[in-house]
Amino acid sequence: MRPALAFNLDQKDLDSGAVDLCRIALLNDYLDMRDDNDARMEKWRTSDER
């Protein structure tokens, strides 16, 4: 459900199959990558401040 919430996917599109499982998997991968990049940036910022 993370992609549905993050990208405001309509429940009708999910139910009808307009948004397929492959697209949902890609959106999940994107969210994981974004979270990982954000964590890396935060780690870099805190190590750079020392």
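Just so you know, residue 1 is the first one in the sequence shown, and it goes up from there. Computation of the quantities below employed the complete heavy-atom set of this structure, encompassing side-chain atoms and omitting hydrogens, waters and symmetry-equivalent molecules.
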Scan N28, N8, D29 and name whichever one has a side-chain contact (heavy atoms from CB on, under 4.5 Å) with P3.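 Answer after filtering N28, N8, D29: N28.
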Which residues share a side chain to side chain donor-acceptor pair (under 3.5 Å) with D38, sequence neighbours left out: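 Expected list: none.
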Identify, with sequence neighbours excluded, every residue that meets side chain to side chain contact (heavy atoms under 4.5 Å, CB included) alongside M33.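 For M33 the side chain to side chain contact (heavy atoms under 4.5 Å, CB included) partners, ignoring immediate neighbours, are Y30, N37.
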Suppose we screen for side chain to side chain contact (heavy atoms under 4.5 Å, CB included). Which residues come up paired with A4, at least two apart in sequence or across chains?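 Partners of A4 under the side chain to side chain contact (heavy atoms under 4.5 Å, CB included) test: M1, L9, L14.
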Considering only residues two or more places apart or on different chains, which pairs with a residue in residues 7-23 satisfy salt bridge (Lys or Arg N to Asp or Glu O under 4.0 Å)?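 Listed by first then second residue: nothing to list.
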Just wondering, are more than 12 heavy atoms of other shown residues or ligands nearer than 6.0 Å to CG in L21?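 Open: at most 12 neighbouring heavy atoms sit under 6.0 Å from CG of L21.
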Salt bridge (charged side-chain N to carboxylate O under 4.0 Å, His left out) against R2, all qualifying residues, sequence neighbours excluded: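 R2: salt bridge (charged side-chain N to carboxylate O under 4.0 Å, His left out) contacts with D32, D35.
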Out of curiosity, D36 CG to L31 CG, how far, rounded to the nearest 0.5 Å?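 The CG atom of D36 sits 12.5 Å away from the CG atom of L31.
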Co-membership, hydrophobic cluster, residues V19 and L26, 4.5 Å side-chain: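 No; tracing contacts between hydrophobic side chains, which count when under 4.5 Å, never links both residues.
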